[in-house]
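Being a predicted model, the structure only gives us computed values, none of them experimental.
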Amino acid sequence: MLPHDDPATRLEYRELLPGPRLRPYVACYWMLRSPEAMRLRDRTFPDGCQELIFNIGARVLRCDDGRHWSRNPPAELVGQMTRPYDVLAEGEQLYFGVKFHPHGFAVFTREPVDSLRDQSIDLRLLFGPGFDAVHERV
């Protein structure tokens, strides 16, 4: 397959730096989108950071063990990862994320950060039903 035929080359990725008040906690905001519906399989590698990820378009499946796939929630916290995992997304790719510094998410939750390790957690379960309004605004 030629590089220009690769669906991943049609993805648009952007990063924005947070304002000065959040800079000690948030590494960046990011957006990933495709101009058209597509099927994308990718491997995600650990980087020591937690991320809030809002999936606006695609159906996303995640595989942690190489055999069992589970559906990702539309708004999730990805805790600090210690091993890679695979993602399979189908449809329009549109994501918005908040990437925290390795220590940064701890000030926004009462949960011990180590209890979130290697997990994808539905943000509605973590922050409660009031989070639905935040998800709708995103």
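Arg71 CZ to Asp122 CG: the interatomic distance, rounded to the nearest 0.5 Å, is 11.5 Å. The distance from the CG atom of Leu16 to the SG atom of Cys28 is 8.5 Å, given to the nearest 0.5 Å.
Using cut-offs of 30° and 60° for the angle between ring planes, the Phe105 and Phe108 rings count as tilted. In this structure, Phe54 and Phe131 have parallel ring planes: the angle between them is below the 30° cut-off, well short of the 60° mark.
The hydrophobic cluster containing Leu125 does not contain Leu123, counting ILVMFWY residues as joined when their side-chain heavy atoms lie under 4.5 angstrom apart, directly or transitively. Under the 4.5 Å side-chain contact rule for hydrophobic residues, Val113 and Val26 do not share a cluster. Leu32 and Leu17 sit in two unconnected hydrophobic clusters of ILVMFWY residues. Membership requires side-chain heavy atoms under 4.5 Å apart, directly or through other members. Residues Ile53 and Trp69 do not share a hydrophobic cluster, clusters being chains of Ile/Leu/Val/Met/Phe/Trp/Tyr side chains in contact below 4.5 Å. Both Phe96 and Tyr25 are members of a single hydrophobic cluster when ILVMFWY side chains are connected at heavy-atom separations under 4.5 Å.
Side-chain contact between Glu12 and Met31: present, with at least one pair of heavy atoms (C-beta onward) separated by less than 4.5 Å. When side chains are defined from C-beta on, Asn72 does not count as touching Asn55, because their heavy atoms never get closer than 4.5 Å. At least one side-chain heavy atom of Met38 sits under 4.5 Å from a side-chain heavy atom of Leu11. Residues Tyr85 and Val87 form a side-chain contact, since some pair of their non-hydrogen atoms from C-beta on lies under 4.5 Å apart.
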Fill in: Verdict with supporting geometry, Phe100 and Cys49, side chain to side chain contact (heavy atoms under 4.5 Å, CB included)
CA-CA 6 Å; Phe100 292 88; Cys49 299; 5.6 Å; no

Practice prompt. Start with the C-alpha gap between Ile121 and Phe127, add the side-chain angles, then the distance that decides, and say whether side chain to side chain contact (heavy atoms under 4.5 Å, CB included) holds.
Written response: CA-CA 10 Å; Ile121 300 168; Phe127 292 124; over 6 Å; no

Practice prompt. Start with the C-alpha distance between Asp64 and Arg62, add both sets of side-chain angles, then the distance that settles side chain to side chain contact (heavy atoms under 4.5 Å, CB included), and finish with yes or no.
Written response: CA-CA 7 Å; Asp64 291 308; Arg62 174 183 169 143; 3.0 Å; yes

Worksheet item: Is there a side chain to side chain contact (heavy atoms under 4.5 Å, CB included) between Met81 and Thr44 once you walk through the steps?
Response: CA-CA 9 Å; Met81 304 307 294; Thr44 301; 5.8 Å; no

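Within a 6.0 Å sphere centred on CZ of Arg137, other residues, nucleotides and ligands contribute 12 heavy atoms or fewer. The neighbour count for Arg124 CZ, taken as heavy atoms of other residues, nucleotides or ligands under 6.0 Å away, does not exceed 12.
Closest heavy-atom contact between His101 and Arg23: NE2-O, 3.1 Å. Closest heavy-atom contact between Ser115 and Pro112: OG-O, 2.7 Å. Minimum heavy-atom separation, Ser120 to Pro73: OG-CD, 3.7 Å.
In this structure, Gln80 contributes its side chain and Arg117 its backbone to no donor-acceptor pair below 3.5 Å. Arg39 places no side-chain N or O within donor-acceptor distance of the main-chain N or O of Glu90, the cut-off being under 3.5 Å. Checked by atom type and distance alone, the side chain of Asp118 pairs as donor or acceptor with a backbone atom of Thr82 at under 3.5 Å.
Partners of Tyr95 according to the side-chain hydrogen bond (donor to acceptor under 3.5 Å, both in side chains) rule, which considers only residues two or more places apart in sequence or in another chain, are Gln93.
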